[in-house]
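For the numbers below, each heavy atom of this structure counts, side chains included, while hydrogens, waters and symmetry mates do not.
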Amino acid sequence: MTLLEIRDLKVYYYAFDGVVKAVDGVSLELESGEFFGLIGESGCGKSTLGNAILRLVPPPGRVAGGSIYFQGEDILQLPEDRMREIRGDRISMIFQDPTAALDPVYTIGDQIVETILAHNPEVSRKDAEARAIELLKLVGIPGAEARVHEYPHQFSGGMRQRAVIAIALANNPELLIADEPTTNLDVTIEAQILTLLDELRRKLNMSILLITHNIGIVAEYTDRVGVMYAGKLVEVGRTVDVLTDPKHPYTRGLLGAIPGRGGRKGRVTEIPGTVPNLANPPPGCRFHPRCPRRFDPCDQEEPALVPLPGEGRMVACHLYRRLES
Amino acid sequence: MLDSDLLRLIGRRIVGLIPVMFGIAIIVFLVFSFVPGDPVTMLIGKQSDVSEEFIQQLRHKYGLDRPLYVRFFYFLRQLIHGDVGISYQFNRPALEVVLERLPATVELAFFALAVAIVIAIPAGIFAALKGGAVDRGIVGLSVVGFSMPNFWIAMLLILVFGTTLKVLPISGRLDVTLTVERVTGFYILDGILAGDWEVVRSALSHIILPALSLGIPAAALIVRLLRNNLISVLGAEFIRAARARGLRESAVIYKHALRNALIPTINIVALQLGFFLTGSFFVETVFAWPGMGRLAVDAIYARDYPVVIAAVMISALFFVLSNLLADILILVTDPRTRGVR
């Protein structure tokens, strides 16, 4: 069942020196219960996409077009108070830096309780507190009964991210957007947090949209993956398919840049050139100035996302349009 | 944890206060020993028929004919017993003279602080939330507000409300026709205690203009600070996270943003309170307010250093107390400061 369907989403930042098209016509579907990885370099628009789903793109950014259907309802059309009811209740978000995402002057318990009460005013404070302890246990915080009364600064980094996850899970959301949830944590904690998220996803039957630049964790945890480049989705498919047989030259380049795999004789290769300026992206395919396989139409015509053989496999590259026709 | 932190903080401040008070008393004593002019000459003033013998007698009475180190020794001995000496002008214990003036200053400080807070907090929130022209307008007004010296504001207020509109009294603490039994020395409180509403009304109307004169520049400063803090907190990740949790905008702003923005503002408010409590010479002079600031400045001119020392010591005490109050408030509002030795 389709939980979330993004159609031709455009999110632009209206800056002083021009319009930055951070997300420019992205379409994407998320199934209920699936673990979806959205991957790309810094500044490719993946975080903006995540924020747009909750309609929390920071100014001067704005959704400039498209639609986002959540369980069949276009949430971009909802009035603000209806949208507020969805945030933290049916769609939750966890952030890159758990230290910055928690209010330093309230206890972890207060922050869970207020999230529960914001969506369930009929629940008593006492029940909400009991639920807060239960949530802290669920995310594996030892001594939850005592720690519920502690402040964020009394938690370690990994424990803070667990607390942030507990807050996000407070109302059993159907979708969890995780925006680089482990970037600020060390590698062992990273594995713990992602394993926890994966377990909770199965247990609570929610979908996770994991936004990351780390191909390793995409390979290990996700069912499907989408690759973004310069505000566009360039490739999407089952994680095994995309990572073992990448179609788009950008995806190939990304995989070649991982130490210990691909490349010539085990050497790490890099993608030449730099990420384009999204205020003034190159014409045609945005990857063409850096693409080793560019040909005639690439610098003029923008490639559309077209289906390929294989389950849900799609790619936006002229190489495959030619194949198809 | 909060309780033990509070006790430790209060204990440490009180212990720290002792050397501060002694240090201040000694500095003021020594400074006055080197300032030209002496109390007796000032006391006699322009009277020319005073005999040289009488002057010598007075100097002897106050010990001014002794060498500095002897006077210093006597001074220290007095100080240990909590005595700063006899006022040359009033011929009474200096501390008593200062304490008598204290309620006027404290009452005014309280109202000035109330004015500052009542203006600054809503204006700061409004500027930060509205942005644009509203923000620029409030920031502009605040620049004007703290650029005007408070005696100038006092004169403007007198001109408008006192002499032109004639709606508010411009001098003293109470109508000259009224008296009230002195219990606390705070006329408004004494009026309430005596059940004399005429006194309360009169005392309130007398305090409005001086309180505005002191409170407006302070409000201007606090507005700026609160606005800046609030804008920076509103950009913080935890505010976006609070919205992502589906909290109402009012909870996001008043529960999360405002509390975080108030923490760094508390110190400045306390500093302002400290200034108010030491008495503003200018405002007290313009409004003929019988407070400590005016007493202290008059005492300096009269070289009445026991009174100066008493006033400076009380001022220092108030500064320490207002900072202590700020630290207590911060300890209560900011959990990160607790449990730190």
Side-chain angles (χ1 to χ4, degrees), chain A residues 47 50-51 53-59 80-108 110-121 149-154 160 163-164 167-171 173 176-177 179 184, chain B residues 1-6 128-135 226 229-267 326-341:
Chain A
S47 288
N51 289 332
I53 297 171
L54 277 176
R55 281 177 38 186
L56 286 175
V57 179
E80 179 55 31
D81 58 326
R82 289 279 318 282
M83 190 63 215
R84 182 191 70 75
E85 288 169 10
I86 289 178
R87 289 184 200 123
D89 190 36
R90 297 169 64 197
I91 306 177
S92 283
M93 189 155 182
I94 58 180
F95 297 88
Q96 182 174 339
D97 183 357
T99 308
L102 292 164
D103 187 332
V105 303
Y106 290 97
T107 63
I108 298 294
D110 281 338
Q111 300 189 49
I112 301 177
V113 166
E114 75 174 340
T115 309
I116 295 171
L117 296 181
H119 298 287
N120 309 283
H149 301 298
E150 290 187 6
Y151 291 92
H153 71 274
Q154 293 168 283
R160 264 177 226 158
V164 168
I167 295 173
L169 297 180
N171 297 309
L176 179 68
I177 301 167
D179 187 358
N184 276 16
Chain B
M1 193 164 63
L2 184 58
D3 292 346
S4 66
D5 280 334
L6 279 177
L129 295 185
K130 288 282 170 193
V134 173
D135 183 28
L226 180 62
N229 290 336
L230 198 52
I231 285 175
S232 96
V233 170
L234 283 170
E237 178 103 327
F238 68 81
I239 292 300
R240 208 158 63 88
R243 291 199 176 107
R245 290 192 265 139
L247 304 188
R248 285 174 201 286
E249 197 57 21
S250 57
V252 172
I253 288 167
Y254 294 103
K255 186 172 171 191
H256 293 284
L258 189 58
R259 181 157 165 192
N260 277 283
L262 279 175
I263 294 169
T265 316
I266 291 171
N267 277 317
D327 286 343
I328 291 172
L329 285 176
I330 287 172
L331 213 49
V332 171
T333 45
D334 188 353
R336 286 165 296 186
T337 57
R338 292 176 214 157
V340 185
R341 272 161 207 278

Proximal component of [X], with respect to chain A [non-hydrogen, under 4.5 Å]:
X      : value
B:R259 : side chain
B:A236 : neither
B:I239 : neither

Nearest 0.5 angstrom please: [X] [atom1] to [Y] [atom2], how far?
X      : Y      : atom1 : atom2 : result
A:H153 : B:T337 : NE2   : OG1   : 8.0 Å
A:Q111 : B:R245 : CD    : CZ    : 5.0 Å
A:Y106 : B:F238 : OH    : CZ    : 10.0 Å

Item to check | Options A:L56, A:I86, A:L54, ranked by heavy-atom pairs under 4.5 Å with chain B, top entry | outcome: A:L56
Next on the checklist: Less than 4.0 angstrom from a charged side-chain N to a carboxylate O is my criterion; do A:R84 and B:E249 meet it?
Outcome noted: no
Item to check | Closest non-hydrogen atom pair, B:N260 against A:D103 | outcome: ND2-OD1, 2.9 Å
Item to check | Closest heavy-atom pair and its distance - B:R243, A:R87 | outcome: O-CD, 3.2 Å
Next on the checklist: Report which part of A:N51 has an atom under 4.5 Å of a heavy atom belonging to chain B: side chain, backbone, both, or neither.
Outcome noted: side chain
Next on the checklist: Taking CZ in B:R248 as the centre, count heavy atoms belonging to other residues, nucleotides or ligands within less than 6.0 Å. Is the count above 12?
Outcome noted: no
Checklist entry - Just checking, any donor-acceptor pair under 3.5 angstrom between side chains of A:E114 and B:H256? => result yes
Checklist entry - Are the side chain of B:R336 and the backbone N or O of A:P152 linked by a donor-acceptor pair below 3.5 Å? => result no
